[in-house]
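Working notes, beginning with the structure itself.
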Amino acid sequence: MTDGIAPDRLEKLQALRAAGQDPFPARVPRGEPVAAVLADFAGRQGRAATLCGRLGQIRDFGKLRFAHLQDRTGSIQVGFQRERLPAFWPERKRIESNDLVSVTGELGTTQKGEPTLWATEVVLAAKALRPAPEKWHGLTDTEQRYRMRYVDLFANPEVRDAFARRSLVVREVRAYFDSLGYLEVETPILQPIFGGAAARPFRTHHNALGMGLFLRIAPELYLKRLLVGGMERVYEIGRVFRNEGVSTRHNPEFTMLESYEAWADYRDVMARVEGLFAHLVAKVLGGDGKVVFRGRDYDLRPPFQKARYLDLFAAANPGVDWFDDAAVRRRARELGLPVDGIAAATLANDVFEATVEDGLQGPVFVHDYPVAISPLAKRLAADPRVTERFELFVAGMELGNAFSELNDPLDQEQRFVEQVAQRSDETPGEVDLDYVTALEFGMPPAGGLGIGIDRLCMLLSGAASIRDVVLFPLLRRLDPTAAAADDAEAPAPPPAP
RNA sequence: GGGGGCGUAGCUCAGCCGGUAGAGCAGCGGCCUUUUAAGCCGUAGGUCGCAGGUUCGAUCCCUGCCGCCCUCACCA
């Protein structure tokens, strides 16, 4: 890991040490934010200031050198003059671009009016043993950007901005639910039985308890236990883990918002989602709901369009009845979809996805999903074939999923039993009886919501790939021997000592 | 997993029809007190992703592997 060190930088480090200087001091004179200085620059000219940050490229004029200094708030030019820095001058070359420094000096301008800190005191805060990427292009190699995000972040300001925006999005999502009296809670990530979604889980093991565990695929079942407990409005923003493929819109670990509100139904939840977007448009996008995503314009200001699932299906597949297996199969073959061994409802939904979903530019609420593909949602009283459920689509991407929650313990247990009987690797190996027990104590009618925070951030920042809003996306190991030792089929966990 | 693309200096990239590799920036040495992609002169820097094969000769052609990107599948 040390073979990327630049020899010349190591030499400078050793020269500094030989001269009795600490290249990694515990503390240096602390400065103020660069942005604060720039904000009141006119009023502070001629006054002293201290700034800390990373040095950019040095522009050397012999007895004068310029460089920019960058901190989290911005960057400003620093001027080093021989006549102001007699003691520092002989060692000036030991401090170079990419080093972290504390600079004290006098604020002024250059002949061209550039705000400049004319240094009178330069303290090395941390020596950089590796050079920064090229100044003009920055770091562009995608793989390097993900593997060395720390470099990506300091070399590419727009990357910092994107993650600052993500932070803002999460903060404002919290603010919205907090303002409605929801309690933010944290539920188990390590779960003995996984549930709340259909996905393959990651497995792990607790040594002391000698117990196999799963990383959660959804917090859903624990949050609904809280409704039974009387916490009528709860939400959680947390990581969930799904042992599936990686793509521009899937990372194996991602951040999910789930909220549950007692005494509400899916119509109420729809209003909450619109309220959330109104809030985010105001706070994150500055009131302008227009975003560009994957080359298209979207307006995220509510209200959003609404369309019935079956209406969309009928419009895209004239003459095909969603509930008519034979007709659906015919249509699926026509579309070139695989049909063998696929359950009727699943196939019908495949046809929906193939003919409707990609075209859902939205934002649009697709609602009233067939019960066969909605195992956790309540049936619509007026039409028991469909459920009180909606999904929010933008740019053909599923952003959210919500429904009136099933709270009938007998029905729930029956559905769990059927699920377990399917014995797929996406279904739990046993019924979550404790959850059923919770429902038996009585869960108020409730509306629940799940929103993928990563995808929401993609949309709000125009990021085409989920990896552009995940700081450290999952990548393969580079070390081939380590990679070969890994087994995709999860090696047996180490026994307890 | 299928298909397509990519991998060359620390970074960004050239490299023709096969003849053992080049630029800019960064580095190093010099000149320069107002630059801001500073400039000028000089200099150093390479396991051409890895391993085989074809060939007198491979960065280039072939095969396998590794990694990344796109896409399809998977993933409500």
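Reckoned from all heavy atoms, side chains included, excluding hydrogens, waters and symmetry mates. Just so we're on the same page: letters track the sequence lines, and every chain starts at 1. In this text, all values refer to a predicted model and were calculated from it rather than measured experimentally.
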Taken to the nearest whole Å, CZ/R9(A) to P/G10(B) is 14 Å
Under 4.0 Å, heavy atoms only, any strand: does A197(A) hit a base, just the sugar-phosphate, or nothing? base
Residues passing the side-chain hydrogen bond (donor to acceptor under 3.5 Å, both in side chains) test with R47(A), sequence neighbours excluded, are none
Rounded to whole Å, CG of L139(A) lies from C1' of U12(B) at a distance of 10 Å
request  = Answer with base, sugar-phosphate or nothing: what part of the nucleic acid does E398(A) contact at a heavy-atom distance below 4.0 Å?
outcome  = sugar-phosphate
Of the listed G27(B), U36(B), C13(B), the closest approach to the T140(A) side chain comes from C13(B)
Sorted by chain and residue number, the ring pair (Phe, Tyr, Trp, His ring centres under 6.0 Å) partners of Y260(A) (sequence neighbours excluded) come out as none
| task | Using modelled atom types only, decide if a donor and an acceptor are shared between the side chain of D432(A) and the backbone of Y435(A) within a distance under 3.5 Å. | result | yes
Under a 3.5 Å limit on both distances, the Watson-Crick or wobble mate of G39(B) is C31(B)
Please say whether more than 12 non-hydrogen atoms of neighbouring residues, nucleotides or ligands are located less than 6.0 Å from CZ in R149(A). yes
Atom CZ of R94(A) and atom P of G27(B) are separated, to the nearest Å, by 17 Å
Exercise. Is any side-chain N or O of K12(A) closer than 4.0 Å to OP1 or OP2 of G27(B)?
Worked result: no
Compare side-chain N and O positions of K135(A) against OP1 and OP2 of G27(B) and report whether any pair is under 4.0 Å apart. no
Any strand, both distances under 3.5 Å, Watson-Crick or G-U wobble: C61(B) pairs with G53(B)
Taking C68(B), U36(B), C25(B) as options, the one with an atom nearest any side-chain atom of L475(A) is C68(B)
Side-chain contact check for Q57(A): nearest option of U35(B), U12(B), C25(B) is C25(B)
Pairing partner of G1(B), by Watson-Crick or G-U wobble and under 3.5 Å for both distances, is C72(B)
Please state the C1' separation for the pair A44(B) and G2(B) - nearest whole angstrom. 47 Å
Q. Between C66(B) and G49(B), how far is it from one C1' atom to the other, in whole Å?
A. 7 Å
Of Q111(A) and G138(A), the one whose nearest nucleotide on RNA chain B sits closer to the 5' end is G138(A)
Taking A23(B) as the reference, what is the distance to G15(B) when you measure between their P atoms (whole Å, please)? 15 Å
The nucleotide from C32(B), G27(B), C69(B) with an atom nearest the side chain of S97(A) is G27(B)
Check your understanding: Which part of the nucleic acid, if any, lies within contact of R389(A), taking any heavy atom under 4.0 Å across all strands shown: a base, the sugar-phosphate backbone alone, or nothing?
Key -> base
task: Look at R59(A) and A38(B) and indicate whether a side-chain polar atom (N or O) is within less than 4.0 Å of OP1 or OP2.
output: yes
To the nearest angstrom, the CD-P distance between Q77(A) and A37(B) comes to 10 Å
Contact class for Y146(A) vs. all strands (heavy atom < 4.0 Å): base, sugar-phosphate, or nothing? sugar-phosphate
For the P atoms, the ones on C60(B) and on C40(B), what distance do you get once it is rounded to whole angstrom? 35 Å
Please confirm whether the backbone N or O of T120(A) pairs with a side-chain atom of R84(A), one donor and one acceptor, at under 3.5 Å?
no
K112(A) NZ to A37(B) C1', in whole Å, measures 13 Å
Against the side chain of P131(A), the closest entry in U12(B), U35(B), G10(B) is G10(B)
*asked:* Under 5.5 Å centre to centre and under 30° between planes: does that hold for F61(A) and the six-membered base ring of U33(B)?
replied: no
Between U43(B) and U36(B), how far apart are the two C1' atoms, rounded to whole Å?
26 Å
request  = Sticking with atom P, work out how far A21(B) lies from U59(B), rounded to a whole angstrom.
outcome  = 8 Å
Hey, does E244(A) reach any base, or is it just sugar-phosphate, or nothing, if we go heavy atoms under 4.0 Å? sugar-phosphate
note: R147(A), atom CZ; G49(B), atom P; distance rounded to Å ~ 16 Å
The Watson-Crick or G-U wobble partner of A21(B), with both key distances under 3.5 Å, is none
With the side chain defined as heavy atoms from C-beta on, D141(A) is closest, among U12(B), U35(B), C25(B), to U12(B)
Rounded to whole Å, the CH2-P distance (W136(A) to C25(B)) equals 14 Å
**Study point:** Nearest-angstrom distance, C1' atom, G5(B) to G19(B)
**Key:** 28 Å
Looking only at C74(B), C68(B), U36(B), the nucleotide nearest the H250(A) side chain is C74(B)
One should read off an interatomic distance between L227(A) CG and Y222(A) OH, to the nearest 0.5 angstrom, of 15.0 Å
At 4.0 Å (heavy atoms only), tell me whether R249(A) reaches a base, stays on the sugar-phosphate, or touches nothing. nothing
Of the candidates C69(B), U35(B), G67(B), the side chain of T110(A) sits closest to U35(B)
Out of G67(B), U35(B), U33(B), minimum distance to the side chain of E143(A) belongs to G67(B)
- For atom CD of E121(A), is the number of surrounding heavy atoms from other residues, nucleotides or ligands below 6.0 Å larger than 12? no
Rounded to whole Å, CD of Q144(A) lies from C1' of U12(B) at a distance of 12 Å
ring-ring contact (aromatic ring centres under 6.0 Å, His included) test vs F365(A) passes for just one of F393(A), F403(A), Y309(A), F390(A), namely F390(A)
**Message:** Whether R467(A) contacts C68(B) is assessed here as follows: a side-chain N or O lying under 4.0 Å from the phosphate OP1 or OP2. Is that the case?
**Reply:** no
Below 4.0 angstrom, N of the basic side chain to O of the carboxylate: do E405(A) and K378(A) qualify?
no
By nearest-nucleotide position on RNA chain B, the 5'-leaning member of S465(A) and L376(A) is S465(A)
Next item on the list: Scan T248(A) against the nucleic acid and name what it touches under 4.0 Å (heavy atoms): base, sugar-phosphate only, or nothing.
Entry: sugar-phosphate
Using Watson-Crick geometry (N1-N3 plus N6-O4 or O6-N4) or G-U wobble (N1-O2, O6-N3), each under 3.5 Å, C6(B) is paired with G67(B)
* With a non-hydrogen cut-off below 4.0 angstrom, is R476(A) in contact with a base, only sugar-phosphate, or nothing? -> sugar-phosphate
**Asked** Quantified in whole Å, what is the P atom distance between nucleotide C68(B) and nucleotide U34(B)?
**Response** 49 Å
